[in-house]
Structure formats: C-alpha cells, structure tokens
Novice: 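Please see the structure below; I have some questions.
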Amino acid sequence: MPQPEVSVIIVTYQSADAIGACLTALVAQDYLSYEIIVVDNASSDQSAALVVAGFPDVKVLEAGVNLGFGNGANLGAAHASGRYLVFLNPDTIPAAGFLAALMAEQQQHPAALVTAQITLGSAPHLINTAGNVVHSSGITCCRGLGQPTATAPYDRAGTVSAVSGAAFSISRALFDYLGGFAGDFFLYLEDTELSLRARMSGYECRYAPAALVSHRYGSGFGPAKFYYLERNRYWMLLRILRPATLAALLPSLLLSEAVAWGFALKSGPRHIWQKLRSYGWLGRNLPRILASRGAVQSLRRRDDDFVLQTVSGELEFTQLAGPRLGRLVGLMLNPLFRLNLRLLRNNLARSKARAQAAAMNTAVER
C-alpha cells in the first residue's frame, strides 16, 4: 500500500455517541491519499470497539489510560505515515470536500498551521470558530462565534492568531520540529500554545474558509475546564514570552485576574476552589514550568513583537459573560487592554529599532 499523503488523527474519550458520524463523513471524503488514525484514551463506552467493528480500514490505537488530548494526539502522530497531519475532534462532522479544501490551503502555505471553518453542529449556517483569537492575557476565544458563515471577513482566507484543535492541519516536518503538542497540559489550550510556539519560531497560522466542518460545541465553563484553562493559560505565557514582555503585560494580566475571579465568584464555590487550585499547581510546579520554558525557548527565531502581531487587545466578553453583561464589561475594560497592548508594541518596536541601530554602528566601526 502506498504511503498516504495525509494522516487524519482523532483522539476519543467516551465518544461512542459521536465517532460513528465523524468517521462516516471522513471515509467519504473525495481525496486520493489519506489514512485515519483513532487514538482511544481508555474509554469505558466501547468507543474503540465501535470503530474496530464499523470501520475496518481505520487504524485504532488503544492508549490504555487517559492521556489527555495533547499526549493522545502525539501518540497518533507517532504512528502516522502522512506528509501532513490533520487533527480532528470526534464530535465533528467534516463536510464533503473538507479535506481537499484544507489541503489546498496547506499546500499553498506549507510552513503554516491551517485551521478549518468550524460551524455549530446545532446551526451549521453559523460559525463556531473561524480560527481562534488569542487575547494579550492568554485567554483564547472563538473568532466569529455565532456569525453567518458567508459574511466578511470569515469568508476569506488569511492569517489568524491560532488554530482550533477541533480541525486543523500541519506538515509532519513542522509538527516534529516544534515537538508536537504540550502533552502535559492534559486538556485545553494545547492548540493555542502550539500556535504561539509556531509563531515564536517564525511560522504562521492560516484560516481556510472552504474547509467546512460542523462541531458539537459546548460553550460552558464547568469547574474542571475552568481549572485547566486558568492553569494552562499562565503555563503557556511563561513558556512563550520573554520576562520583560510579561512584566509589561502585567496590567492586562491583573485585569484578566479580576475577570477570572468575577467569573469564579459568579459561578460558585467549586469554581472558586478550582481557581485557587490552579495557583497551587503553578506554585508547586515552578521548576517544571521553567524546564519546559527552556525547551520551548530553544526554538525561538522571532522576537515577541512578531508573536504579538496577531494577538488581540479586545477580549470577547460576550463569550465569557453573555451578551448583556459581556458588552457592559467590555466597554469598561477593553480600552485598558488595548492601551496596554499598544504601549507594549510601541516599546518593543523602539527597542528593536535601537538594537538595529546599535548593530549598524558596530558594523560601521569595524
């Protein structure tokens, strides 16, 4: 059997109610050369057995334990043969032509991560995310959530802050160079961290609007999800950004803390506990965080001014607090977030100009 051009990797956990529809749509894709790999994270609902029985051409890897998304995806990649890797959530349904459209954009931009146009499973004419938006605080939101799929700018390909782990592609060479997903994150923000790590290494994230996939999207923030989002947000920032950049972002980080605590207090004791738990984990694991930072920083080829070019100073409060309260809080806080990011970008630009001038003077003196 010839080596496939594309390996599609799906990580399942308790996905028996969704994986069948996903694979049915995937095996029907009109694309000449691709394989499908399902990594099952020790599901107790017979997810793996369902795939084995119903889809004999799909390669199934049973992890035996719950590895989380990142490590599960890395395991799938380790067994993949394709030149390109496509990561897909089990609760997605790719539209006809999805894979061809995703690969068309990927092959035009081989040194990029390419994310699909992901629509709401409950309303496929509306966007779930058209690439993700990374805020200067590390909070990541869905770009275009709830907007019609055919409206500008979501109908055009282009650069975005980050890919969505629900449906994106990357070349095998770049995935290996970057070191794969941050498996220790376990759940949430692995896609954002990989996107920022790629950006720090000089690569970009692209959006392919013609690559359509619907997603059974849940917008809630339960206690466990809140814990992983808050823990991983700071772990990500500490891995990616330089200390001086983090210091300059302190006003935005303090504002984001106020936002997070407001959400925790509004949500109740379990969320308050999980926020405190995230602080405890970060404090206990500081040596581990610094060690992971060293490995990530060894990939740096661009400075933080490049990393921050696609980061937003606008936080999508309506996605966090609902339309009415979200608009009110956004009117109060977003001007402060924008100001902090603008000042930081100006400072980085001036520092870069001074460094370039000093380098030119040194060259002339020699």
Novice: Could you walk me through whether T159 and T310 pass side-chain contact (heavy atoms from CB on, under 4.5 Å), step by step?
Specialist: CA-CA 8 Å; T159 300; T310 59; 3.9 Å; yes
Novice: Give a yes-or-no answer on whether the side chains of N128 and T119 include a donor-acceptor pair shorter than 3.5 Å.
Specialist: no
Novice: State, to 0.1 Å, how close A130 and I127 come at their nearest heavy-atom pair, and which atoms those are.
Specialist: N-CG2, 3.7 Å
Novice: Rounded to the nearest 0.5 Å, how far apart are CG of D191 and CG of L194?
Specialist: 8.0 Å
Novice: Sequence neighbours excluded, which residues qualify as salt bridge (charged side-chain N to carboxylate O under 4.0 Å, His left out) partners of D155?
Specialist: none
Novice: What heavy-atom pair brings S169 and Q106 nearest, and what distance separates the two atoms?
Specialist: OG-OE1, 2.7 Å
Novice: Does CG belonging to D30 count more than 12 external heavy atoms closer than 6.0 Å?
Specialist: no
Novice: Out of curiosity, does V51 fall in the hydrophobic cluster containing V39 (side-chain heavy atoms, cut-off under 4.5 Å, transitive links)?
Specialist: no
Novice: Within a reach of under 6.0 Å around CH2 of W261, are more than 12 heavy atoms found that belong to other residues, nucleotides or ligands?
Specialist: yes
Novice: Would you confirm whether S267, through its side chain, and A264, through its main-chain N or O, come within 3.5 Å as a donor-acceptor pair?
Specialist: no
Novice: Ignoring hydrogens and geometry, is there a side-chain-to-backbone donor-acceptor pair from Q274 to I272 under 3.5 Å?
Specialist: no
Novice: Taking a hydrophobic cluster as the set of Ile, Leu, Val, Met, Phe, Trp and Tyr residues connected by side-chain heavy atoms closer than 4.5 Å, whether directly or through intermediates, do I93 and V58 fall within one such cluster?
Specialist: no
Novice: Write down the atom of E35, the atom of S81, and the distance for their closest heavy-atom approach.
Specialist: OE2-N, 2.8 Å
Novice: Applying the 4.5 Å side-chain criterion to the ILVMFWY set and letting contacts propagate, would L253 and L255 be lumped into a single cluster?
Specialist: yes
Novice: Could you grab the distance from atom OG1 of T318 to atom CG of L145, nearest 0.5 Å is fine?
Specialist: 7.5 Å
Novice: Kindly give the heavy-atom pair with the smallest separation between A16 and S47, and that separation in Å.
Specialist: N-OG, 3.1 Å
Novice: Return each pair, listed once, that meets ring pair (Phe, Tyr, Trp, His ring centres under 6.0 Å) where at least one residue sits in residues 54-97; pairs must be two or more places apart or across chains.
Specialist: F69-F181, F87-F168, F87-F175, F87-F181
Novice: Going by an N to O cut-off under 4.0 Å, is there a salt bridge joining R242 and D305?
Specialist: no
Novice: Suppose we screen for salt bridge (charged side-chain N to carboxylate O under 4.0 Å, His left out). Which residues come up paired with E193, at least two apart in sequence or across chains?
Specialist: R197, R239
Novice: What I'd like to find out is whether the side chain of E314 reaches to under 4.5 Å of the side chain of F337, using heavy atoms alone.
Specialist: no
Novice: Can you establish whether the number of heavy atoms outside R172 located under 6.0 Å from its atom CZ is more than 12?
Specialist: yes
Novice: Determine whether R288 and W281 make a side-chain contact, defined as any pair of heavy atoms from C-beta on separated by less than 4.5 Å.
Specialist: yes
Novice: Evaluate side chain to side chain donor-acceptor pair (under 3.5 Å) for Q107 paired with E5, printing each intermediate quantity in order.
Specialist: CA-CA 11 Å; Q107 288 162 3; E5 182 184 31; 2.9 Å; yes
Novice: Should L348 and D303 be marked as a side-chain contact (heavy atoms from CB on, under 4.5 Å) after you check the CA-CA gap, both sets of side-chain angles, and the distance that decides it?
Specialist: CA-CA 9 Å; L348 288 172; D303 217 332; 5.7 Å; no
Novice: Between S7 (side chain only) and G82 (backbone N and O only), is there a donor and an acceptor less than 3.5 Å apart?
Specialist: yes
Novice: Is I10 close to N89 at the side-chain level, that is, under 4.5 Å between some pair of heavy atoms?
Specialist: no
Novice: Is V133 linked to F263 within one hydrophobic cluster, defined over Ile, Leu, Val, Met, Phe, Trp and Tyr using a side-chain heavy-atom separation of less than 4.5 Å?
Specialist: no
Novice: Determine whether Y177 and S201 make a side-chain contact, defined as any pair of heavy atoms from C-beta on separated by less than 4.5 Å.
Specialist: yes
Novice: Quick check for you: to the nearest 0.5 Å, what is the distance between L32 atom CG and M103 atom CE?
Specialist: 13.5 Å
Novice: Mind checking whether L246 and Y279 sit in one hydrophobic cluster, side chains of I, L, V, M, F, W, Y counted as touching below 4.5 Å?
Specialist: no
Novice: Do any pairs count as a salt bridge (Lys or Arg N to Asp or Glu O under 4.0 Å) and have a residue in residues 87-113, sequence neighbours left out, and if so which ones?
Specialist: E105-R206
Novice: Looking at Y217 and C142, what are the two nearest heavy atoms and their distance?
Specialist: OH-SG, 3.8 Å
Novice: Please indicate whether R270 has more than 12 foreign heavy atoms, meaning atoms of other residues, nucleotides or ligands, lying under 6.0 Å from its CZ.
Specialist: no
Novice: Please name the pair of heavy atoms, one in S33 and one in P4, separated by the smallest distance, quoted to 0.1 Å.
Specialist: OG-CA, 3.1 Å
Novice: Would you check, one step at a time, whether the test side-chain contact (heavy atoms from CB on, under 4.5 Å) holds for L75 with L67?
Specialist: CA-CA 9 Å; L75 176 61; L67 299 174; 4.0 Å; yes
Novice: Return the set of residues passing salt bridge (charged side-chain N to carboxylate O under 4.0 Å, His left out) with R277 (not counting sequence neighbours), or none when no residue passes.
Specialist: none
Novice: For the side chain of S15 and the backbone of Y13, is there at least one donor-acceptor N/O pair under 3.5 Å apart?
Specialist: yes
Novice: Using a 3.5 Å cut-off and no angle test, enumerate the donor-acceptor pairs between side-chain atoms of residues 220-231 and protein atoms at least two apart in sequence or in another chain.
Specialist:
unit_1, atom_1, unit_2, atom_2, d
K225, NZ, G220, O, 3.3
E230, OE1, R233, NH2, 2.9
E230, OE1, K275, NZ, 2.5
E230, OE2, R233, NE, 3.2
E230, OE2, R233, NH2, 3.4
R231, NH2, D184, O, 3.2
R231, NH2, F185, O, 3.0

Novice: When rounded to the nearest 0.5 angstrom, what distance separates CG in N334 from OG in S312?
Specialist: 7.5 Å
Novice: Verify the distance criterion only: is there a donor paired with an acceptor across the side chains of Q14 and S44 at less than 3.5 Å?
Specialist: yes
Novice: Quickly, which of R301, R302, H109 forms a side chain to side chain donor-acceptor pair (under 3.5 Å) with Y203? Name it, please.
Specialist: R301
Novice: Side chains of I118 and S214: closer than 4.5 Å at any heavy-atom pair?
Specialist: no
Novice: Between I19 and L50, does a side-chain contact (heavy atoms from CB on, under 4.5 Å) hold up when you go through it step by step?
Specialist: CA-CA 8 Å; I19 189 62; L50 186 153; 3.9 Å; yes
Novice: Donor-acceptor pair, T129 side chain versus G131 backbone, under 3.5 Å?
Specialist: yes
Novice: Tell me, do L174 and L113 make a side-chain contact under 4.5 Å, heavy atoms counted?
Specialist: yes
Novice: Any donor-acceptor pair under 3.5 Å linking the side chain of D40 with the backbone of V60?
Specialist: no
Novice: Would you please say whether a donor-acceptor pair under 3.5 Å links the side chains of N132 and T140?
Specialist: no
Novice: Going by atom types only, do R143 and Y154 share a side-chain donor-acceptor pair under 3.5 Å?
Specialist: no
Novice: Any side-chain heavy atom of V114 within less than 4.5 Å of one from Y207?
Specialist: no
Novice: Would you give the length of the straight line joining atom OG of S136 to atom CG of L241, rounded to the nearest 0.5 angstrom?
Specialist: 10.0 Å
Novice: Please examine the side chains of P94 and Q29, heavy atoms only from C-beta on, and report whether any two atoms are closer than 4.5 Å.
Specialist: yes
Novice: Answer yes or no: is there a donor N or O on one side and an acceptor on the other, between the side chain of N340 and the main chain of A248, under 3.5 Å?
Specialist: yes
Novice: Measure the spacing between CD of Q309 and OG of S161 and express it to the nearest 0.5 Å.
Specialist: 11.0 Å
